[in-house]
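One structure is given here, and the rest of the page talks about it.
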Amino acid sequence: MNSELAKASNFEKDIYFFNQGTHRQAYKFLGSQRVEDGNKIGYRFNVWAPNAKQVFIQGDFTNWNLKELEYIDGGIWSIYFNEDLKRQHYKYGIDNGVGHIEYKMDPFAYRHETAPKDASIVWDLPDYEWNDSSWIKEQREKNILEEPLQIYEVHFSSWRQHTDGRNYSFQELAETLIPYVKKMGYTHIEFMPLMDHPLDASWGYQITGFYAVCGRYGTIDELKEFVDYAHQNGIGVLIDWVPGHYSRNSNGLAYFDGTPTFEYQDLNKANNVGWGTLNFDLGRTQVQSFLISNALFWLKEFHIDGIRVDAVSNMLYLDFDEGPWTPNEEGTNIKLEGVDFLQKLNTVVHEEWPQAIMMAEESTNWNGITKSVEEGGLGFDFKWNMGWMNDTLKFFEMDPLYRPKNLTLITFVFMYQLNENYILPYSHDEVVHGKHSMLGKIQGDRYNQFATLRLIHGYMMAQPGKVLHFMGNEIGQYLEWRYYDELEWIDLEREFNSEYQHYMSTLNHLGLKEKSLHELDHSADGLTILDADNYEEGVLTFIRHSKKTNDFLIIVCNFVPVQRDDVRIGVPFEGTYEVLLNSEMKEFGGTWVDPIADLKTEAIDTNDQPFSIKTIIPATSVLYIRPKRISGVKK
């Protein structure tokens, strides 16, 4: 820090670091800020509008008359009111110099009116006494790559609703969602965007208020209480975050000071044609301060456990969107400033909140999403494996007759699964827009649909990688997800649904308990493929290992509705094996009443293993087989 900056006031330093792109708490000096002087309480309003001719404020406290702000420095305008304005409404008026005043929401407000109203509300960050210190300590000591990460993705207002259509409050969700998630065996809740957005149909992905909880959902105070309660019950909370683009509504960030402010100057780069939004100018230093401060705001102020960064591909490629695009200075399609921003984001987040789980929703074959920044990667902890998701859904949507010949759709992932640290997602995007629900994708009658659905998730849990289920997947909902209506909980009264829900809970709890299903997800030592080339019968067999030599599971997947008898499977140790999970048991909705008897090894080399067992493989099923009594010494 130079000598002049060292002598500057805190406010001057805030302006300097904001404009340098290095401010990590911009929300603590921009927006409405409470000022206490003895017993007196006042409020200062600071807003960044570098090219405005004049900035005004109007609100309850001005009788909605315009009051001029003073231009300070570095694009900042400011005004002070010597009175307590808490919970009062206001808007900024931006004079862009062409004879028109545009009324704007405060980009840093912690609360806004519920749409379609659009005034910002003076709202202080609540002083909150957290009760999750043991949880925070535990998360900082974990290596998340070796821990179970089983995510339940939730859309706030459509998980459950009151009979009159009202949303559940955060408190009501705490009392219902958290125990449900715990009972079902998930480790984390991931909320689709909670930030303020004007249109329900955007599902929260077209944001106007990045620092405010959506008014239809609740307040930032209530969110803190929810997260705290989740942590006390051993459940983590993740959020979706959208730093690539934002709503183009004129009352939000769009052309905030009358010129491109948060968006690019280049219209080709600014306009997001496919989503009808505007792209953030990720190379602009003030935008970097805005976004990185926003990520830290949700993590540190709310003790959020991690962020799923939406639409990373849109931040990496200039031609990802529809319509015309402008090449970079090197003549390529790479958004160079987007790469730099993501590296900077992940570096800062891991410095400030080391236990944060940073996840990229990225749909291309970009190399190094989860490599460290020092190695030239982007620095994320995980990447959603969209290729795996597309391949598996294509495979299971087939007539079972054609699955064996297309087994490579399932096995291709073995070729690249160590390229990144993957999360395997069956998310909200796969059960909307005519794609059908997970159950509805499957051919056949209800019995075969549920048998296949059990197989899908049994295979998914066994495949190396962490897992994500969208709400409703675990109850076998038949209809597509509808953002405006609650899940079809009534389906649990139908045949197969409650049994299937019991299966999903059983499967998830196995994922928590069995170290072989998570400890070496991202290591070559975690997987031994036994037979991935059975193109006649459509049976896949492999072994999942933990760090302990004698702790492993043999996974057997039968992808067709034909029972296979006396199938010989290679095993590494001599002894007796038992079936830990059979997805076709009657308790899960299948037809098997009696468990498969213990399996004794024979000294017959099979699948490059020194011993083997013989078993029946039920039709359309997955078996988890584990050692019961083994010698512990390979032949």
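Every value quoted in this text rests on a predicted model; they were computed, and no experiment measured them. Along the sequence shown, residues are numbered consecutively beginning with 1.
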Under 6.0 Å between the ring centres of [X] and [Y]?
X: W298; Y: Y211; result: no
X: Y128; Y: W130; result: yes
X: F210; Y: F280; result: yes
X: W159; Y: Y180; result: yes
X: F29; Y: H23; result: yes
X: F297; Y: F302; result: yes
X: F262; Y: F290; result: yes

Would you please say whether a donor-acceptor pair under 3.5 Å links the side chains of S78 and R44?
-> yes

With sequence neighbours excluded, what pairs up with R160 under the side-chain contact (heavy atoms from CB on, under 4.5 Å) test?
-> Y168, E486, W489

Determine whether more than 12 heavy atoms belonging to other residues, nucleotides or ligands lie under 6.0 Å from atom [atom1] of [X].
X: N65; atom1: CG; value: yes
X: K137; atom1: NZ; value: no
X: K67; atom1: NZ; value: no

From E190 CD over to I239 CD1, what is the distance, rounded to the nearest 0.5 angstrom?
-> 9.5 Å

In this structure, CD of E474 is separated from OH of Y426 (nearest 0.5 Å) by 15.5 Å

Partners of F61 by ring-ring contact (aromatic ring centres under 6.0 Å, His included), sequence neighbours excluded?
-> F45, F81

Quick one: list whatever passes ring-ring contact (aromatic ring centres under 6.0 Å, His included) with H112, sequence neighbours left out.
-> none

Test log, rule salt bridge (charged side-chain N to carboxylate O under 4.0 Å, His left out), inputs E420 and K383 | CA-CA 7 Å; E420 305 280 1; K383 172 183 173 174; 5.2 Å; no

Does a side-chain N-to-carboxylate-O contact under 4.0 Å join E351 and R24?
-> yes

Closest contact, heavy atoms only, [X] versus [Y]:
X: N473; Y: V431; answer: OD1-CG1, 4.3 Å
X: R284; Y: P50; answer: NH2-CG, 3.9 Å
X: A254; Y: Y246; answer: N-CE1, 3.9 Å
X: I423; Y: P425; answer: O-CD, 3.1 Å
X: F470; Y: H155; answer: CE1-N, 4.4 Å

ring-ring contact (aromatic ring centres under 6.0 Å, His included) assessment of F156 paired with Y217 | CA-CA 7 Å; F156 182 94; Y217 296 169; 4.4 Å; yes

Before giving the answer on side-chain hydrogen bond (donor to acceptor under 3.5 Å, both in side chains), spell out for N271 and R248 the whole-Å C-alpha distance, their side-chain angles and the decisive distance to 0.1 Å.
-> CA-CA 9 Å; N271 288 329; R248 63 165 59 244; 3.0 Å; yes

R140 NZ/CZ over W135 ring centroid, <6.0 Å and within 45° of normal | no

Does T208 reach the main-chain N or O of G252 with its side chain, forming a donor-acceptor pair under 3.5 Å?
-> no

